[in-house]
Amino acid sequence: MIVETEAYSPDDPASHAYGGPTRRNATMFGPPGRLYVYRSYGVHWCANVVCADEGTAAAVLLRALEPTDGLAEMRSRRGVEDARLLASGPGRLTQALAISAEHDGLDLGREPFALVPPRRPVAVLASPRVGITRATEQPWRYSLAGSTFVSRPRPRA
DNA sequence: GTATTGATCTTCT
DNA sequence: GAAGATCAATACA
């Protein structure tokens, strides 16, 4: 279950797509509903959902998951026991799901992926984005209210 | 508990 | 040559 995301818009100085297409961000300029995967700090993979229509680069970075299934697999990939550490952070999330460059550009509506909306409305908190230096005033980080699986600032209770 | 730093890919200057 | 949508290990309080 996705519990934390961040939005990146086409005219967003903090977005990879700001300043036009490059080899890395090409997927962001493609059709929506696909997965955009990039290398972060030379070490980690980060996964985004492409949102805008083709030619308009907007995406949502997946920052944290609450593991609900496949816990054993995630633990073995991550090498940690604590469920909160399995996918609370962009790099951890991709490692837990075994997402890497080979998944870049894949359709999230097809196997092995599936995106399922929540059954009922959920409470979401908006806050400043994490780990960026530009356009930090945009409160485009969205987290599930009360979730203990969110990365960084821990929600109280 | 907080602070600092290494890893080393991709892009931009 | 420097910085970045990061994490984990280490050092310190």
Side-chain angles (χ1 to χ4, degrees), chain A residues 1-67 70-106 108 113 115 124-145 147-157:
Chain A
M1 176 168 68
I2 298 171
V3 297
E4 182 183 352
T5 62
E6 274 178 14
Y8 289 86
S9 76
D11 57 351
D12 183 352
S15 169
H16 283 174
Y18 188 73
T22 64
R23 186 192 266 86
R24 175 177 62 160
N25 67 22
T27 300
M28 285 185 77
F29 289 86
R34 310 252 274 234
L35 191 68
Y36 164 50
V37 181
Y38 71 94
R39 174 104 51 199
S40 170
Y41 288 89
V43 184
H44 307 285
W45 296 106
C46 292
N48 301 247
V49 178
V50 179
C51 294
D53 288 336
E54 195 161 356
T56 307
V60 167
L61 169 67
L62 305 180
R63 287 195 54 87
L65 300 181
E66 175 176 339
L71 274 287
E73 272 189 279
M74 293 194 200
R75 286 200 170 99
S76 97
R77 286 174 186 144
R78 293 272 302 115
V80 298
E81 289 299 314
D82 190 341
R84 291 194 226 190
L85 298 180
L86 287 179
S88 63
R92 293 166 172 173
L93 182 153
T94 53
Q95 189 183 2
L97 297 184
I99 289 175
S100 64
E102 61 192 274
H103 304 290
D104 184 41
L106 295 187
L108 285 166
F113 301 107
L115 273 182
V124 172
L125 301 175
S127 54
R129 293 181 288 183
V130 175
I132 58 172
T133 57
R134 289 172 290 191
T136 52
E137 71 282 2
Q138 304 291 353
W140 289 346
R141 174 181 183 230
Y142 301 104
S143 49
L144 189 61
S147 174
T148 54
F149 292 87
V150 170
S151 73
R152 287 284 222 125
R154 267 153 226 126
R156 296 164 305 186

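Below, chain A is the first sequence line, B the second, and so on; all start at residue 1.
Atom pair A:Glu4:CD and C:dT6:P shows a separation of 11 Å (rounding to whole Å applied). Summarising the geometry, the separation between CG on A:Leu93 and P on C:dA5 is reported as 18 Å, rounded to the nearest angstrom. Note: OH (A:Tyr18) to P (C:dG4) measures 15 Å, nearest angstrom. Atom CG in A:Asp104 sits roughly 12 Å away from atom P in B:dT10 (whole-Å rounding). Between A:Arg134 atom CZ and B:dT11 atom C1' there is a gap of 11 Å when expressed in whole angstrom units. As a whole-Å value, the separation of A:Met28 CE from C:dA5 C1' is 10 Å. At whole-Å resolution of the value, CD in A:Glu6 and C1' in C:dT6 are 12 Å apart.
The two residues A:Ala64 and A:Ser88 come nearest to each other via the heavy atoms CB-CA, 3.9 Å. In this structure, A:Arg92 and A:Leu85 approach most closely via the heavy-atom pair CD-O, 3.8 Å.
Consecutive Watson-Crick or G-U pairing (both distances under 3.5 Å) extending over three or more pairs maps onto DNA chain C as B:1-7 with C:6-12, B:9-12 with C:1-4.
Counting non-hydrogen atoms under 4.0 angstrom, A:Arg129 reaches nothing in the nucleic acid.
Distance check, rounded to the nearest 0.5 Å: CE of A:Met28 to SG of A:Cys51 gives 8.5 Å. A distance of 9.5 Å separates OH in A:Tyr38 from OG1 in A:Thr94, rounded to the nearest 0.5 Å. In this structure, the separation between CG on A:Leu93 and CH2 on A:Trp45 is 14.5 Å, given to the nearest 0.5 Å.
Straight-line distance between the C1' atoms of B:dA3 and C:dA5: roughly 22 Å, to the nearest whole Å.
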Q: Could you walk me through whether A:Arg141 and A:Ser151 pass side chain to side chain contact (heavy atoms under 4.5 Å, CB included), step by step?
A: CA-CA 11 Å; A:Arg141 174 181 183 230; A:Ser151 73; 4.0 Å; yes
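Among the nucleotides C:dA5, C:dA8, B:dT10, the one closest to the side chain of A:Arg24 is B:dT10. Comparing C:dG4, C:dA8, B:dT11 by their closest approach to the side chain of A:Arg92 singles out C:dA8. Closest to the side chain of A:Pro90, out of C:dT6, C:dA8, B:dT11, is C:dT6. Comparing B:dC12, C:dA5, C:dC7 against the side chain of A:Tyr8 picks out C:dA5 as the nearest.
Judged as a ring pair (Phe, Tyr, Trp, His ring centres under 6.0 Å), and not counting sequence neighbours, A:Tyr142 has no contacts. With sequence neighbours left out, A:Pro139 forms a side-chain contact (heavy atoms from CB on, under 4.5 Å) with no residue at all.
Shown for residues 33-45 of chain A: residues whose heavy atoms fall under 4.0 angstrom of DNA chain B, namely A:Arg39, A:Gly42, A:Val43.
Between A:Arg129 and A:Glu6 no salt bridge is recorded (no basic side-chain N to carboxylate O distance below 4.0 Å).
Among residues at least two apart or in separate chains, there is no salt bridge (charged side-chain N to carboxylate O under 4.0 Å, His left out) pair with a member in residues 35-54 of chain A.
For C:dT6, one of the phosphate oxygens OP1 or OP2 lies less than 4.0 angstrom from a side-chain nitrogen or oxygen of A:Arg63. Distances shorter than 4.0 Å separate none of the side-chain N or O atoms of A:Arg141 from OP1 or OP2 on C:dA5.
For the residue pair A:Arg77 / A:Gln95, no side-chain donor-acceptor distance below 3.5 Å is found, with atom types taken as modelled.
Atom CZ of A:Phe113 has more than 12 neighbouring heavy atoms from other residues, nucleotides or ligands inside a 6.0 Å radius.
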Close N or O pairs between protein and nucleotides 4-6 of chain B (under 3.5 Å):
none

